[in-house]
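This report refers to the structure that appears directly beneath it.
Proteins get letters first, then strands, A, B, ... in listed order; numbering begins at 1 in each.
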There are 2 protein chains.
Amino acid sequence: MSELVTIRDASMTTGVSAKMIRHYESIGLISAPARTENRYRHYSQRDIHELGFIRKARDLGFPIEDIRHLLALWRDRSRSSAEVKAIALRHIAALDEKAAALQAMSATLKHLASNCHGDNRPDCPIIDALDRLG
Amino acid sequence: MSELVTIRDASMTTGVSAKMIRHYESIGLISAPARTENRYRHYSQRDIHELGFIRKARDLGFPIEDIRHLLALWRDRSRSSAEVKAIALRHIAALDEKAAALQAMSATLKHLASNCHGDNRPDCPIIDALDRLG
DNA sequence: CTTGACCTTCCCATCATGGGAACCCCATAT
DNA sequence: ATATGGGGTTCCCATGATGGGAAGGTCAAG
């Protein structure tokens, strides 16, 4: 006697937008849900659970293809934790690399900005750096 | 008696790909260069200088619209350094925010991964977290 | 029977960048 | 002289994850 769970309901309980739910279906990340007679999608608890999984993985920054892999491992009760851990470690490395790149940019700019008086005068080490340094 | 600087030459001396040089022209970030009779673009030293400026700004992560603004300030000898500094400070804040978000993801995953034995057993705190925690 | 709030599909935009097709131009090697 | 190769040109399409919006179907309540 479960009520019909529409895409909007699924969106609200999982935090994944209806737009993205349809998108994940279109790229085969989730399987196509059942439809009512009027072609409206409706979602099972299993579907909702998967969408929740996906959202949490996205919140951790996993790219879609990683999530595809993680979902397969999730469904597989006989998976090895080593395989999951390997994906996570690769992702951690990617995150750290990106963060380091952003911090390097920030550090350079902070240094330049700290030497820039920031008043009405045109003299500016930030512009100078873009002009001269390579 | 300066030799003709082709788009490839400009690309090699500035580190901006020919593809992107044409793109920057198409979006009006740089002005259209002179053309030879056969419609080949050729670049002045001024053009090369601007492309170098753009590449350095991109290396610091500035988005194109910021660079558009910075280029205008660069050309304006009577600019105020305050305006340049304001753009830089906003960008620093954006970089720091992104870096912090990535680091938070990384920290969470590192914690989960450190508790994952990573062997043949299926038991895995990483999967558990995606499964249960919100 | 209208209104409004859903649903459907399909196309377009973002941001910066690259790939590739189809075609033109020119210098050098055969 | 001509074939070959390596430039140039324009134009379209793709990326990754997401949102906006149009055009049209469906349904419940007023």
The first and last nucleotides of DNA chain C lying within contact of chain B, meaning any atom under 4.0 Å from one of its heavy atoms, run from C:dA16 to C:dC26

Here the distance between atom P of D:dT26 and atom CZ of A:Arg41, to the nearest Å, is 15 Å

Picking from D:dC11, D:dC27, D:dT18, which would you name as closest to the side chain of A:Asn38? D:dC27

When all nucleic acid strands are considered with a 4.0 Å heavy-atom cut-off, which category describes B:Phe62: base, sugar-phosphate, or nothing? nothing

Steps toward ring pair (Phe, Tyr, Trp, His ring centres under 6.0 Å) verdict (B:His49, B:Trp74): CA-CA 11 Å; B:His49 202 175; B:Trp74 180 53; 5.1 Å; yes

Nearest whole angstrom, please: distance from the C1' of D:dG7 to the NZ of B:Lys19. 14 Å

Check whether any side-chain nitrogen or oxygen of A:Tyr40 sits under 4.0 Å from OP1 or OP2 of D:dC27, and answer yes or no. no

Which ones in residues 87-109 of chain B lie close to DNA chain C, meaning a heavy atom under 4.0 Å from one of its atoms? none

Within 6.0 angstrom of B:Arg46 CZ, more than 12 heavy atoms from elsewhere: no

Quickly work out the A:Arg39 CZ to D:dC27 C1' distance and round it to whole Å. 17 Å

Say whether, by atom type as modelled, one donor and one acceptor occur between the side chain of A:His91 and the main chain of A:Leu60 under 3.5 angstrom. yes

Do you know which two heavy atoms are closest between A:Glu25 and A:Pro33, and how far apart they sit? OE1-CD, 3.4 Å

Please state how far atom CD1 in B:Ile21 lies from atom C1' in D:dT10, giving the value in whole angstrom units. 16 Å

Spell out, as yes or no, whether a donor-acceptor pair under 3.5 Å connects the side chain of A:Arg58 to the backbone of A:Phe62. yes

From NE2 of A:His23 over to P of D:dT15, roughly how many Å is that when rounded to an integer? 10 Å

B:His42 and B:Asp47 side chains, donor-acceptor separation under 3.5 Å: no

Interatomic distance where CD belongs to A:Glu3 and P belongs to D:dA28 [whole Å]: 13 Å

Provide, to the nearest angstrom, the distance between the CZ atom belonging to A:Arg55 and the P atom belonging to D:dA17. 17 Å

When the distance from CD1 of B:Ile7 to P of D:dG7 is rounded to whole Å, what number comes out? 13 Å

Residue pair A:Leu73 / A:Ile87: nearest heavy atoms and the distance that separates them: CD1-CD1, 3.8 Å

Looking only at side-chain N and O atoms, does A:Ser80 offer a donor or acceptor that is under 3.5 Å from a partner on B:Asn120? no

Please compare B:Ala18 and A:Ile64 by the position of their nearest nucleotide in DNA chain D and report the one closer to 5'. B:Ala18

Pick base, sugar-phosphate or nothing for B:Arg22, based on heavy-atom distances below 4.0 Å to the nucleic acid. base

Does a sphere of radius 6.0 Å around CZ in A:Arg75 hold more than 12 heavy atoms from other residues, nucleotides or ligands, not counting ones at 6.0 Å or beyond? yes

